[in-house]
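Quick caveat, the model's predicted, so the values are computed rather than measured. Numbering of ligands and ligand atoms starts at 1, following listing order.
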Amino acid sequence: MLISQYIFEQCVMRAGLAPTVHNTQPARWVRDGDALSLFCDTNVGLTVGDPTGRDAALSCGAVLEAMVLALSAHHIAAQVTLTDTDTAPGQGLVAVAHLTLSQGDTDGLHRQLETRFTWRAGFADQPVQLFGWTRDDTRLVFDQPARAWLAERNDFASHEIMQEAAFRRELVDWMRLDPQHPRAGLDGMDRASMHMTNSEAFAAPYVLTNFWPILSLFRQTRKLASEAEATLTSPVIALFYRDEFENSAISGRAYMRLCLEAASLGLAGWPMAALSDCAQTHQETCERFGIPAGQRLVQAIRFGVPTGQAPIRARRPLHETLR
Ligand SMILES: Cc1cc2nc3c(=O)[nH]c(=O)nc-3n(C[C@H](O)[C@H](O)[C@H](O)COP(=O)(O)O)c2cc1C
């Protein structure tokens with residue numbers, strides 16, 4: 001089925017609203033007649049934070065699901081064929097999926113593409129209404145001692161990961177703390193999205209690079225990396241797990257639906273990637289929460305009602321996303 005260039009571009013823009021690691025936005029689209037292809041630009045991959053390209057593939061999977069939903073809003077169904085190619089950094093463009101289009105039904109979840117966002121601050125002190133929301137691949141953690149345990153383990157894992165200077169440098173590289181940064185508004189994470197004050201934004205690059213070793217010597221870095229206080233304001237932490245050998249793009253599609261379902265309940269999410277990235281806390285969390293054998297904790301996500309407006313999104317313009 002042939003779609004107009006206008007609809008194609010509208011759908012690409014909406015798909016681009018999906019969450020991606022460090023807001024790298026690795027997804028690129030190619031249109032060849034009535035066939036669409038999704039590529040991963042591994043040149044924006046995180047060589048330190050994501051050396052295998054798993055987060056890049058997951059991010060592309062989230063964009064893919066968003067594309068399928070955006071197309072559905074135009075009564076277009078997409079049949080997806082995944083390639084299962086390696087998305088490790090530094091290989092240029094690699095194909096992730098091919099889509100063939102036909103007539104189809106609308107999936108109402110597409111309405112949440114604009115409402116979903118990452119909220120990196122405290123959540124409102126109010127009970128959340130989940131209206132019986134459950135997922136087979138997600139454990140929802142409500143009880144306070146368990147959330148406190150996750151908050152503490154997340155801080156531990158973040159601090160462990162942040163000990164690596166190259167990780168911190170890469171993180172700073174994706175920060176757009178100065179509004180004059182040439183990529184501000186296009187990708188990466190800005191001051192507003194990270195909920196930093198002006199002085200925090202000014203100090204962050206120095207603290208994360210030059211001063212970290214000395215602060216670490218004086219045991220000051222643990223509290224610098226700590227999110228526990230804000231984490232504890234989240235009334236529900238979702239432990240999202242999938243088959244350990246699943247193609248990460250498939251996990252990413254499910255991840256996108258999870259985030260959109262939460263958005264439909266008025267909830268914003270704040271990932272705790274460190275908890276699943278650190279081998280020790282991954283194992284401890286799986287054990288404590290009985291994540292079944294053969295499953296991998298893909299991500300733990302704090303959910304709650306945000307206490308403010310969504311920060312303005314930084315997104316790549318169409319010409320960077322289309323090939
Ligand atoms: C695989 C993956 C891991 C992420 N890890 C974190 C994280 O540990 N902490 C965080 O604050 N945001 C994390 N994010 C959220 C992204 O930074 C966020 O999606 C991106 O900056 C775009 O912002 P938006 O979600 O508000 O559109 C992660 C996203 C993905 C897809």
Side-chain angles (χ1 to χ4, degrees), residues 13-27 40 44-46 49-50 52-66 87 112-123 150-151 153-155 157-162 167 170-171 173-177 183-196 204 225-227 230-231 234 237-238 240 242 248-249 251-260 262-263 267-278 281-282 296-304 306 308-316:
M13 295 280 281
R14 292 190 79 200
L17 300 175
T20 60
V21 63
H22 284 12
N23 203 19
T24 49
Q25 302 169 67
C40 178
V44 298
L46 306 173
D50 182 29
T52 63
R54 195 158 66 182
D55 285 348
L58 188 121
S59 300
C60 286
V63 174
L64 174 60
E65 184 62 19
T87 50
Q112 304 305 328
L113 289 171
E114 284 76 14
T115 63
R116 183 218 60 83
F117 64 94
T118 301
W119 177 254
R120 296 188 184 87
F123 294 94
L150 286 167
R153 288 290 79 193
N154 182 52
D155 279 3
S158 294
H159 191 251
E160 287 292 297
I161 290 170
M162 298 273 278
F167 180 91
E170 191 173 63
L171 177 64
D173 270 356
W174 283 97
M175 288 181 176
R176 311 289 181 243
L177 300 177
R183 298 296 300 168
L186 304 177
D187 58 16
M189 295 160 292
D190 61 19
R191 188 176 74 71
S193 76
M194 301 193 80
H195 286 265
M196 283 184 182
S226 174
E227 294 173 348
T231 302
S234 155
I237 298 178
F240 171 66
R242 302 285 296 182
S248 288
S251 312
R253 294 189 68 178
Y255 175 73
M256 185 70 206
R257 294 191 75 85
L258 159 72
C259 295
L260 296 174
L267 306 177
W270 183 7
M272 304 157 89
L275 198 69
S276 48
D277 287 349
C278 164
T281 54
H282 180 278
R296 180 174 74 85
L297 176 68
V298 177
Q299 198 177 82
I301 313 142
R302 295 156 275 209
F303 280 112
Q309 296 290 311
I312 294 171
R313 287 179 204 276
R315 286 299 186 270
R316 293 181 188 276

At a 4.0 Å threshold, what atoms of ligand 1 neighbour a non-hydrogen atom of T20? 16 (C), 17 (O), 18 (C), 19 (O), 20 (C), 29 (C), 30 (C), 31 (C)
I'd like to know if the side chain of E160 and the backbone of A274 have a donor-acceptor N/O pair within less than 3.5 Å. no
If you count the atoms of ligand 1 from 1 in the order shown, which ones are under 4.0 Å from a heavy atom of R313? 27 (O)
Any N/O pair R116/ligand 1 closer than 3.5 Å: yes
Distance-only N or O hit between ligand 1 and R120, under 3.5 Å: yes
For atom 1 (C) of ligand 1, closest protein heavy-atom neighbour: L58 CD2, 3.6 Å
Please check if atom CE in M194 has more than 12 non-hydrogen atoms from other residues, nucleotides or ligands closer than 6.0 Å. yes
Which atoms form the tightest heavy-atom contact between R116 and A18, and what is the distance? NH2-C, 3.8 Å
Measure the distances from the heavy atoms of Q299 to every atom of ligand 1 and state whether one is below 4.0 angstrom. yes
Could you label the plane-to-plane angle of the H195 and W119 rings as parallel, tilted or perpendicular, counting under 30° as parallel and over 60° as perpendicular? perpendicular
Is it the side chain (CB and beyond), the backbone, both or neither of T118 that lies under 4.0 Å from ligand 1, heavy atoms counted? both
Give the residue, atom name and distance (to 0.1 Å) of the protein heavy atom nearest atom 6 (C) of ligand 1. P271 CB, 3.6 Å
Taking 4.0 Å as the limit for heavy-atom contacts, which would you say applies to R315 with ligand 1: side chain only, backbone only, both, or neither? side chain
Closer than 3.5 angstrom, by distance alone: can the side chain of R191 be matched with the main-chain N or O of M196 as a donor-acceptor pair? yes
Close N or O approach (A273, ligand 1; < 3.5 Å): yes
Lys/Arg-Asp/Glu bridge criterion (N-O < 4.0 Å) met for D187, R315: no
Here the atoms of ligand 1 under 4.0 Å from any heavy atom belonging to F117 are 26 (O)
Just say parallel, tilted or perpendicular for the rings of W270 and F123, cut-offs at 30° and 60°. tilted
Under a 4.0 angstrom heavy-atom cut-off, which atoms of ligand 1 come close to P19? 19 (O), 25 (O), 31 (C)
Run the salt-bridge test on E227 and R302 with the 4.0 Å N-O cut-off and return the result as yes or no. yes
